[in-house]
Each structure stands twice: as C-alpha cells, then as structure tokens.
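Shown next, in structure tokens, is the structure this report addresses.
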Amino acid sequence: MMVTGKGGTGKTTFSAAMGLVSAATGLNTVVCEIDTQRSALAPIFDCKVEYQPLVVREKLALCNLTWREAFTTYLERSLPVTGLVRRILENEVVNRFLDFTPGSRELVILSRIAQLCESYDRVIVDMPASGHMLSLLGVTRSLQQLFRAGPVRKRVDEILSLLLAETSSVAFVALPEEMVVNETLETMEQLQNRELAGCSPFVFLNRATLPSLTTDEARLMEWLGSQSLGPDAGEFVRAGLWEKQLEEDTIESLARLNEAFERGAISVGTISSGQSHRNVVGEVAAALGRKVGVTKRDLAWT
Amino acid sequence: MDINPWLAQQQLVVCVGSGGVGKTTTAAAIALQGAMSGRKTIVLTIDPARRLANSLGLSSIGNEAHKISLEGDSESAGELWAMMLDARHTWDALIDRLAKDPEIKQRILSNRIYRYVATSLAGSQEYMATERLHDIARSGLYDLIVLDTPPLKNALDFLESPGRLIHFFDERILKWFLSPYRRGRWGRRLMFGPTAIVWRLLGSIFGREFLEDLAQFFQDFTGLYKGFVQRHDAVVALFQDPGTAFVTVCAPNETSLEVARFFETEFQRRELGQGGVIINQLHQCEGESHDARAFLGELVEESSATPSLQASVLARLGMAHRRMRQRALAERRLCEQIKNTPAGRGFFQIVARSDQQVHDLKGLAWVANEIFEKSAQNRG
C-alpha cells in the first residue's frame, strides 16, 4: 500500500493509522518512510526509526528506507561474494558515481520495498507527495528504456510486476479543497497513463465535514450573514458559515472523487483541534478501524 | 523588520516550506505586490505538480514567460509575469550553449543516458530551475523575481543540487571512469589494477552495455565541465547576493512549524539572506463567550423562522464558535512558539484564513493585502 497525496493532506498520519489497523487485524505489518532526515513516524510512536525494521507493538514494525543502506542491501543481492560489497562501498569514486547515477536511489529504494513485501503480510509506504511519487515510480519505466537486458533490467521488471500486481495499490489522501482534489485527479490520471499502477487506487477524504445542516438552518444562517453585525455577533455567524462552507466543499469533493475513483472515496471526519499528532493518528485509526470492524479496544492506542 | 521596505530592496525572493501551506499562493501574492508597487515582476514555479497556473486562474503556463493582465489597475502598477520550468527544454538549451562542437552536441542530445538525465533524474528539475533562474536574473528583464520551490526534502535538493551535479562531472571522476576505455597498442580495450576490479564489479551490477554507454556519455561531457563550474559559481553567488532573501511559508500546525524551524536554522548555517516567516491560513476568533443567543437572539427573532429553527441555529452557531475559538487559540500558541525560535529573524507576518479558496487574481490581491497592508496598519 503506497500512500500519497498533495503535501499537507495527512499522508504520514494515514500511513501510521493504517499500520495500526492492519496490525490489529492480525497482519504482520511494516510502515516505511522514504529517506527522511527527520523521521515523522518517530514522534508518533515515540521511538527511533531506522533502516532495519523495528517492532514497535504486536505485528507492527517501522522503518526508514535510507538509500545508502538500501544500496548495500541491493549490492548484497546482486554480487556473488558479500565481502566485496564493503570494498566497493569504501571506494570514493564509486560512491560519487552511485550518488549521481541515473535512478540508482529510486531503484534501490523500490527494490527494498519489494524485498520487504516478501517478509511481511502488508507493507505500507509513506510515499512522497503526488508529483514526486510519480517520479519515484516512473523510474521503473525510464530504467526499462535505459537497460535493455542484464541484471538491473531483471530487477526493474520484477519491481514493475510487483507494482502492477493485484496485491499492490496506491492510496491517495485528499482534503475537501478544490486544488487538492484537482491534484489528486491529475496524479491518478498520470499513474494510469504511465501504467504504474495495477489495481484501481484508493482515495481517502481527510478532514471531511459531513452534512448535518438542514436547508432551513442553512438559509437562516445565510440571512444572518447578510445583516449588519457587530464584531462579536459577526464571529458567531462567520464560524457558522465557515462550517457550512466546509460541508459544501465536502459534498463537492466527494462527488468529484466518487466519479473518478472506481472504489469511491472513503471519508474521515475532522479531528478536533489542538491535539497531539499521536492522538490524531489514534482518532484516524479508530475511524478507519470502524469501517473494517476493528474496535478502539483492538487498536489499544492510548 | 518591516516587510514593505524589505520587499522594495529585494531582487530575488525564494519561498520555501512544507507542502500544502499555500507556498505557491504566497509566492504569487508577493509577486503581485511587487507588480502593484510598480516593478516588473516574475513568479517562477518548479513544482512538478503545476499548481501556479491554478492559483493564477490560468489553465496552463508554459516554459516561456507569460504575462498576467492586471485588469483595471492604477497607472503606477508594473507588470506581472509567470513561468513554469520545464526541465528537458532547459537542459537542451544548456547543452546547446556549452557544447561548441556540433558533432559532440548531437551525440549528447541523442544519447539515451542524456535523455534520461534530462527528463527523469530526480534532482534534475531542481538543478535546471537554478539554471533557468540564473538566466532570468542575468537577463535584467525583471526588477523582482519570486521563486516557488517544491516541498521540504526537494527544496533542500534544490539548494544542494548544483553542487551535486558538479561532483558528478568532476574531472577526476570522469578520468577514472574513462580510464579502462583508453585504447591499448593493438586497439584493444585494456584494464589494469584496482580500477579494473571495481569496474568489473560495476559491470556485473549494471551490465557491460550500460557502462559503455555511460563512458561515452562522460567522454562527450568532459569538455563541458568548465562551463558547468562557471555557471554553478554564478548560481551560488546569486543565492548569496544581498538582493536575495529566503522566505519561510508555513501553516499553523505542528508539522509545518517544525519544518519552518528547520529551514530557519539551515539558512543561518548556510549564511543565506533570511527574509522572514509568513504563517498562512490562521483562524481568528476573539470572543470568549459561546452564547450565541446573547449576541444574536434579538436579530434571530426578527427573522421569519419558527422558534424551533431559531433555537437550533443558535445552538449550531454556539458550537461552531466554540470549535473556532478552540482552533484559533491552539494556532496562536503555535505561532508564538515559532516567533520565539532563536533562529527566527526578520519579519513575521500572519495571514488570516480566507472565507473563500484563493484561485484567481482577486484572491491573490486579498492575500497580498493581508501580508503587506495589514502589517503596515498594525504598525500604525
């Protein structure tokens, strides 16, 4: 499961929350970040996140896919004698070369994801934002053109067949805002045009405000908004109209996403403000859990 | 520091910050302000998601500068231009300029590794942005340039990438790389010593064919190295110029503010000009009482609504106000935190959340007003 979306939509939150739910259903799960200098998962789970998966609770591990370590793993897989790997990596020239060789970073990271898929029931990747996720996955197609045969080509083909498999999917996290929905739809289209995804992607509408106002209530609020109001009274009406606007944005965003995504959008409500990231993850996990029959007690997240 | 005289002195403003904080909109609003104060201004975006067009109300912006019409404005207004950077186009132009020999030029342009580097290599887009930026700055066509950058990780690439590319084309590396391909006395390709061992190993990872292509690519590129270094130095000088400043854009949430703090520290470390911080999308709610009836009861009674509808709307407004207040207070606490960060220097502007989503010039003008005019008013 590769989680992406426009910047700031809640990719990390959803990756972590999905990890919790997945582990609670009994699947051996790992949640991965991609080469982050400062882990976003670490403060949520209150632990260090490193290259080697670290088990943080029952059935749940975390890791950071740093490309240098991923490179070592990759070389160990490709070379017959493991002792040579260290010697190669000690060579400064080789290091510089690897630092800039076309697609090497992306390839080794994707390769590591594929490897994790062999040992876990579910691998959840907190991917880069939309455009950068496309470049990361797109490397497979570019490398196919670059390498017509040989060991790299073989690995690229393996990675692509994994990406296109029924068991792999991309999950978008969107917000009920016009520009976010635009970007989500554009990215999904690109993903399909460039044949980078097999099964149809999921989409989560985060911070959705589901309609609760009646038509009469909305009309009265609007009427209040058209009256001349003092600053204090104005604040009440503005707050009310703001929530009304959120409801309307949610309806419109849901309609657009439902039309474009075969599976339809899964909405998750707004979490009340001023909470720690850890609590927000818990609330999102609870909301996602409810949809698949996982209770708060199953999650055991406090 | 006051933002208005600050902007008047800048030639280049670079906006950085994490995703989804309104960076593109802010960059466009700063550019609009520059244009409205009579300067010829251009806003550039290197974001692959192509959002600038969206917030300027245009369907697309090409690799060429596109003039935005500032409808019905005063004579004092300058000009506003916008441009999206297309990496491959810029690469071709660069090769065209650096490679003197037409045969080599042709060979580079048709080399499949070059095609890959120019279109798909991560960081390539960022590198080319600095290239294009350099061109635009040198052209002298604009009084003010505002640059929008991609989110966090890539924005750092953007600062690093010229150096990284230079490393790649370092002559020492190229020589090493080409050494196994020097032809021997009988025209055979010879390999000796430790280089040959590493070379063979790389061959077993990447395949011989690929390495030979790569060697050819490097060979053609050797002559271009000096040109790259000169341009790199010029770009670095541009970033360090006193007329250049970096602006950190963030939203009032933990993650975004942490990213902002990180940037501020980085700028200080790298001795880059710090403009200041702009915090976007701030909710505002001053009143402490959530009793809607106390403030709106009489007015609601004047409406034609039934008493039960009146009551339900008043209850709704009370709850909405409570939520808004909670949010506003939490956000204000976060703002204070970043304001008091030791690394934070320069101006500190707050933009209230707009009732409407910003996707046209009118919206941008509103944002520009929040950033520039409101702060002037607050200072009296």
Side-chain angles (χ1 to χ4, degrees), chain A residues 6-9 36 38 40 75 78-79 84 88 91 93-94 96-97 99-100 102-103 105-106 128-132 135 138-139 142 145-153 177-179 182-183 213 216-217 220-221 223-224 227 232-233 235-243 245 272-274 277, chain B residues 18-21 47-49 51 54-55 112-113 116-117 120-122 150-151 153-154 164-165 167-168 170 173 176-177 198 201-202 204-207 209-210 251 254-256 262 285-287 292 295-296 299-300 303 305 309 312-313 316-318 320-321 323-324 326-327 329-330 355 357 359:
Chain A
K6 188 176 190 290
T9 54
T36 48
R38 287 137 27 93
L75 290 180
S78 330
L79 290 175
L84 288 174
I88 288 199
N91 184 314
V93 178
V94 173
R96 292 263 200 106
F97 167 71
D99 204 13
F100 220 92
R105 292 183 184 215
E106 291 82 358
S130 333
H132 295 103
S135 334
V139 156
S142 312
Q145 285 171 0
L146 215 51
F147 294 90
R148 288 167 193 144
V152 173
R153 174 58 187 256
E177 290 171 25
E178 188 185 343
M179 297 241 248
N182 288 354
E183 191 173 310
L213 273 180
D216 285 342
E217 284 172 336
L220 181 53
M221 270 191 200
W223 178 81
L224 284 171
Q227 304 297 304
D232 290 326
E235 255 178 15
F236 280 89
V237 178
R238 250 205 323 279
L241 288 174
W242 166 250
E243 292 194 350
Q245 182 65 44
S272 59
S273 53
H277 198 182
Chain B
S18 56
V21 297
D47 198 321
R51 300 182 204 122
N54 234 325
S55 61
R112 61 198 169 113
I113 292 173
Y116 179 85
V117 169
S120 316
L121 178 58
K153 209 166 150 288
N154 302 79
R164 243 175 83 199
L165 202 88
H167 269 325
F168 185 56
D170 187 323
I173 306 284
W176 180 86
F177 224 83
V198 176
L201 287 171
L202 287 177
S204 71
I205 304 164
F206 292 103
E209 190 200 4
F210 173 75
E254 293 267 5
T255 336
S256 154
F262 169 69
C285 191
E286 302 297 324
F295 295 97
L296 288 159
L299 184 61
V300 168
S303 75
L309 178 59
S312 74
V313 164
R316 237 342 253 242
L317 292 178
H321 188 272
R323 284 190 282 260
M324 187 65 96
Q326 231 175 35
R327 178 168 294 237
L329 288 178
D355 288 341
Q357 294 180 10
H359 48 58

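To the nearest 0.5 Å, atom CG of residue A:Asp216 and atom OG of residue B:Ser312 are 8.5 Å apart. The structure places CZ of A:Phe236 at 7.5 Å from SG of B:Cys285, a figure rounded to the nearest 0.5 Å.
Side-chain contact between B:Phe295 and A:Val237 is absent, with no heavy atoms from C-beta onward closer than 4.5 Å. Side-chain contact between B:Glu286 and A:Glu235: present, with at least one pair of heavy atoms (C-beta onward) separated by less than 4.5 Å.
Taking B:Ala330, B:Ala292, B:Ala251, B:Gly287 one by one and counting their heavy-atom pairs under 4.5 Å with chain A, the maximum is reached by B:Ala292. Taking chain B as the reference chain and counting heavy-atom pairs below 4.5 Å, the highest number among A:Arg153, A:Arg148, A:Gln145 is found for A:Arg148. With respect to chain B, the highest number of heavy-atom pairs below 4.5 Å among A:Thr9, A:Val152, A:Leu241 belongs to A:Val152.
When all heavy atoms are compared, the tightest approach of B:Leu317 to A:Gly240 is CD2-CA, 3.6 Å.
Scored by the salt bridge (charged side-chain N to carboxylate O under 4.0 Å, His left out) test, A:Glu243 finds B:Arg316, B:Arg323 as partners (sequence neighbours excluded). Residues passing the salt bridge (charged side-chain N to carboxylate O under 4.0 Å, His left out) test with B:Arg327, sequence neighbours excluded: none.
At a 4.5 Å heavy-atom cutoff, the contact between B:Ala320 and chain A is made by backbone and side-chain atoms alike. Using a 4.5 Å cut-off between heavy atoms, B:Ala305 touches chain A through its side chain atoms alone. When heavy atoms are compared at a cutoff of 4.5 Å, A:Gln227 approaches chain B solely by way of its side chain, counted from C-beta outward.
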